[in-house]
Engineer: 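Right, I'll just put the structure down here and ask away after.
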Amino acid sequence: MTSTAGDKLKVVVVEDDFLVSLSVSEAIELAGMEVVATAATAGQAVALCETERPDLVTIDLNLCGDLVGIEVAEVLREQLDVPIIFVTAFNSPEIREAGDKSSPLCWIEKPFTPRVMAERLKAVTSSLH
């Protein structure tokens, strides 16, 4: 992790729905973290993570483009070893099984309120500081 004690965790948000991206960003800020970039596609996500070197990435599973969120997570874990949180409305056992292979910190289900998501983020990221 690039953050030291007292620093805010740097987060990249990967979400192709603008309004949901705003809600995720609001939750991240409520949790005391900093959104350093947002990406709407897999390609943007990988490029931004390579330049920003975030401490955490939130990823929507159903992205527009060639790769889905699980594939983006696998690439990011492999190349950058960055912790992942999946944010999704798709939560079948098959999707969970596929996603769990990339060892996410947790899954946050849509719909959510920024306040509830912020509390969940605080709980699962306390060990990253």
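Computed over heavy atoms, backbone and side chain alike; hydrogens, waters and symmetry mates excluded. The residues of the chain are indexed from 1 along the displayed sequence.
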Engineer: For a side chain to side chain contact (heavy atoms under 4.5 Å, CB included) check, start with the C-alpha distance between Val35 and Lys10, then their side-chain angles and the critical distance, and finish with the verdict.
Structural biologist: CA-CA 6 Å; Val35 176; Lys10 299 185 313 181; over 6 Å; no
Engineer: Does Val24 reach the side chain of Met117, with side-chain heavy atoms less than 4.5 Å apart?
Structural biologist: yes
Engineer: Using 0.5 Å steps for rounding, measure from the CE atom of Met33 to the CG atom of Asp7.
Structural biologist: 13.5 Å
Engineer: Let's go through Ile108 and Phe86 carefully: what are the C-alpha distance in whole Å and the side-chain angles of both, what is the deciding distance for side chain to side chain contact (heavy atoms under 4.5 Å, CB included) to 0.1 Å, and is it a yes or a no?
Structural biologist: CA-CA 6 Å; Ile108 296 176; Phe86 287 123; over 6 Å; no
Engineer: Drop me the distance from Thr113's OG1 to Glu26's CD, to the nearest 0.5 angstrom.
Structural biologist: 9.0 Å
Engineer: For the CD atom of Glu34 and the CD atom of Glu52, what is their distance to the nearest 0.5 Å?
Structural biologist: 9.0 Å
Engineer: Does Val87 share a hydrophobic cluster with Leu48, counting links as ILVMFWY side-chain heavy atoms below 4.5 Å and allowing steps through other members?
Structural biologist: no
Engineer: Which pair of non-hydrogen atoms, one from Ala73 and one from Ser102, has the smallest distance, and what is that distance?
Structural biologist: CB-OG, 3.8 Å
Engineer: Does Lys110 pair with Asp60 as a salt bridge, N-O distance under 4.0 Å?
Structural biologist: yes
Engineer: In Å and rounded to the nearest 0.5 Å, what is the CG to CD1 distance from Leu121 to Ile28?
Structural biologist: 6.0 Å
Engineer: Hey, any chance Leu30 and Val124 share a hydrophobic cluster, counting ILVMFWY side chains that come within less than 4.5 Å of each other, even indirectly?
Structural biologist: no
Engineer: Looking at every non-hydrogen atom in both residues, tell me the closest pair between Glu50 and Leu80 and how far apart they are.
Structural biologist: N-CD1, 3.9 Å
Engineer: Answer yes or no: is there a side-chain heavy-atom contact under 4.5 Å between Cys49 and Val57?
Structural biologist: yes
Engineer: How many angstroms lie between atom CD1 of Ile59 and atom CG of Leu76, to the nearest 0.5 angstrom?
Structural biologist: 5.0 Å
Engineer: For Ala42 versus Leu63, what's the shortest heavy-atom pair and its separation?
Structural biologist: N-CD1, 4.4 Å
Engineer: So with a 6.0 Å cut-off around CZ of Arg115, is the heavy-atom count from everything else above 12?
Structural biologist: no
Engineer: Do Val13 and Ser21 come within less than 4.5 Å of each other through their side chains, counting heavy atoms only?
Structural biologist: yes
Engineer: Between Arg77 and Glu74, is there a salt bridge with N-O shorter than 4.0 Å?
Structural biologist: no
Engineer: Quick one: are Leu56 and Thr125 in side-chain contact, heavy atoms under 4.5 Å?
Structural biologist: yes
Engineer: What closest approach, in Å, do Ala27 and Pro114 show between heavy atoms, and which atom pair accounts for it?
Structural biologist: CB-O, 3.4 Å
Engineer: Would you check, one step at a time, whether the test side chain to side chain contact (heavy atoms under 4.5 Å, CB included) holds for Val68 with Leu61?
Structural biologist: CA-CA 6 Å; Val68 295; Leu61 291 187; over 6 Å; no
Engineer: Is there a path from Val14 to Ile70 through hydrophobic residues (I, L, V, M, F, W, Y) whose side chains come within less than 4.5 Å of each other?
Structural biologist: yes
Engineer: Looking only at heavy atoms, what is the nearest atom pair of Trp107 and Arg96, with distance?
Structural biologist: CD1-NH1, 3.1 Å
Engineer: With no hydrogens and no angle check, is any side-chain donor or acceptor of Asp17 less than 3.5 Å from a backbone partner on Val20?
Structural biologist: yes
Engineer: Check Asp16 against Ala40 and note the closest heavy-atom contact, atom names and distance.
Structural biologist: CB-O, 3.3 Å
Engineer: Going through the checks in order, is the side chain to side chain contact (heavy atoms under 4.5 Å, CB included) test met by Asp55 and Lys8?
Structural biologist: CA-CA 9 Å; Asp55 301 305; Lys8 290 183 176 185; over 6 Å; no
Engineer: Are side-chain heavy atoms of Thr88 and Asn62 found at a separation under 4.5 Å?
Structural biologist: no
Engineer: Please answer whether the main-chain N or O of Val116 pairs with a side-chain N or O of Glu119 as donor and acceptor at a distance below 3.5 Å.
Structural biologist: no
Engineer: Are the side chains of Val36 and Val12 in contact, using a 4.5 Å heavy-atom criterion?
Structural biologist: yes
Engineer: Kindly compute the distance separating OG1 (Thr58) from CD1 (Ile84), expressed to the nearest 0.5 Å.
Structural biologist: 9.0 Å
Engineer: Quick check: do Leu105 and Ile85 have side-chain heavy atoms less than 4.5 Å from each other?
Structural biologist: yes
